[in-house]
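Residue numbers count from 1 along this sequence. This structure is a prediction, so every number in the text was calculated from the model and none was measured.
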Amino acid sequence: MAFIAAASSTPNPPSSPSPRLVVDGPAPAGEALTGADAVVRSLELLGVTDVFGMPGGAILPVYDALMNSDTLRHILVRHEQGAGHAAEGYAVASGKVGVAIATSGPGATNLVTAIMDARSDSVPLLVITGQVHSALMGTDAFQEADIEGITLPLTKHSYVVTRAADIPGVLAEAYRLAGSGRPGPVLVDITKDAQQAAVPFAWPPAGHDVEGAPRRVSSTQIGRAAEEIARAARPVLYAGGGVVRAGAAAELRELAELTGAPVVTTLMARGVFPDSHPLNLGMPGMHGSVPAVLALQESDLIIAVGARFDERVTGDTALFAPRARVVHIDIDPAEISKIRHAHVPIVADARTALSDLGRALRAVRPASPGDLSSWWSFLDGLRRDYPLGYAPTTDGLIAPQHVIQRISRLSGPDAVYTAGVGQHQMWAAQFLRHERPRHWINSGGAGTMGFAVPAAMGAKIARPDRVVWAIDGDGSFQMTNQELATCALNDIPVKVAIINNSALGMIRQWQTLFYAERYSNSALHTGHETARIPDFVRLADAYGCAALRVEDEKDIDQAIETALGINDRPVVLDFVVSDDSMVWPMVPQGVGNDRIRYARDHELAFGDDS
């Protein structure tokens, strides 16, 4: 089978700082403010500059107070889910806490998906919702919903505020909780009467003016980990999204170069270790590279940092890496040994632990890295024999992988990318050149379709100096494309590349492979020789965007360059691609990683029957 090789890449810059509590300065003690004014003043004093939301009756006092702020920029979205994903994109791109605001009832429940998404991917998110008057709670009042109860399994913590005096302290604590430890979503639900009441305001709230002491790293466990690494013959550094959240890219690179061990970066960690680095084997997991998947499978030591051993990486957990010992570094003790037993558990911030581990390793093995030549001979053979690539299309239409490669090459290493969920997400993870942390923003644990466009909007606000692309599918795009109106009206010039194969592509792939090509309800009729409902170019034009349709490979570069040259409005490129392209490699669900399929006609290349 003919394969087209992936493009080369460029070096990696330093990582961004991790989120932290910011208290800008004192406020006049005893100044009387309404609860709504206290919300706005508290956000200002916490250093928040951008918030995303939509007003409604139960949050109107806060929206009225927002008009008095000279420093808070509010972005009016077209759907509350868009506010949540925009705040997530902002948080990941900036390293700060993202803030989303909504009203009670349906406004609050429309944020549930974004809250779940932030919980799954450890995104620091502060969600502020309005609630009905406290006297009406529990009466099934108009637009009443128990949002605290609904989101209880999804948040790090939830607050219901019924007194105006409590607002500054709760917001300060919620902001700190969202960005500290393992980041995640925190909900603050404020009753309308608490927003309307006037009370003295003082800042900082008692107990919130001092940072908590950082968790100390066990020197004993660090020493044990160093000893494990020193004697390993087939080690692998398995880096997850926690390395990004901790701002530990430099420390990861230092440890990798000190040990000479291969590095694999999960879907959530793409870019935290540069693809161009010779130690990088790529992404592991269901659609990971063959070298990355088999490095983990054949290893004798896995050094997992900020990673969860989720089933998309391990395949059948009973068959995963049967000969490997595990050093597991994670700030969340609940993740350690949850799925794979950790022989050396280290509960710590990734940045601190990696730095300490490097120092300890030099003491254990002060000269040069151990001899990993046999290990690298095996891995380099895999890189040579099973490079990342793709098959030419059989219908003459554009290969989606080629589109993504060209976007990456022409946009350069400083671009930021978001993705929806599906085939296009996996192709983007594979074929974009990931060279720096916080440049790749996607929905991993929750797998939320519709994530790309609002997340790109938030990322562009956080990084106005960067080109920001939303790589989206024709299915995902139709879930949240209304946020193009938000972008057009607020001068947020994101660029959207729709990988339009006229189907729910990953569903179609599974139906092809596992359901005898019975394509039940996966056709979307948006692409080649279909009804084109909707017509994405006309839709984008109606939203005030520049738009182009690309149906011939020779037009790809010109379209991308045109998009890169437009910075006064959003741009939508409708790339009409082949519907027969699939995401390879692939580990079918429920089998061991040694059964990875390199391509459709390489189904058992590494299994027992190969």
Would you say the side-chain atoms of [X] and [Y] include a donor-acceptor pair closer than 3.5 Å?
X      : Y      : value
Ser411 : Trp469 : yes
Gln425 : Asn442 : yes
His74  : Tyr63  : yes
Tyr159 : Asp189 : no
Ser122 : Arg182 : yes
Glu483 : Thr486 : yes
Gln195 : Thr34  : no
Thr155 : Ser158 : yes

Has [X] got a side-chain atom pairing as donor or acceptor with [Y]'s backbone, closer than 3.5 angstrom?
X      : Y      : result
Ser94  : Tyr90  : yes
Ser69  : Leu72  : yes
Arg438 : Val92  : yes
Glu173 : Gly169 : no

If the threshold is 4.0 Å, N to carboxylate O, is there a salt bridge linking [X] and [Y]?
X      : Y      : result
Lys96  : Asp50  : no
Asp310 : Arg312 : no
Asp330 : Arg308 : no

For Pro183 and Lys156 the tightest heavy-atom approach is C-CD, 4.0 Å
Heavy atoms, side chains only, cut-off 4.5 Å: are [X] and [Y] in contact?
X      : Y      : value
Trp203 : Arg41  : no
Ser104 : Glu144 : no
His434 : Thr265 : no
Leu296 : Ile302 : yes

Test side chain to side chain contact (heavy atoms under 4.5 Å, CB included) applied to Val186 and Leu125, step by step = CA-CA 6 Å; Val186 178; Leu125 182 66; over 6 Å; no
Within 6.0 angstrom of Asp140 CG, more than 12 heavy atoms from elsewhere | no
Run the ring-centre check on Phe52 versus His85 and record whether the distance is less than 6.0 Å.
->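 No: the rings miss the under 6.0 Å criterion.
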Gap between atom CG of Leu357 and atom CG of Leu252 - 0.5 Å precision =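 One finds 11.0 Å between CG of Leu252 and CG of Leu357.
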Per the side chain to side chain contact (heavy atoms under 4.5 Å, CB included) rule, which among Thr113, Thr480, Asp121 passes with Thr448?
->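 When Thr113, Thr480, Asp121 are each tested with Thr448, the side chain to side chain contact (heavy atoms under 4.5 Å, CB included) holds only for Thr113.
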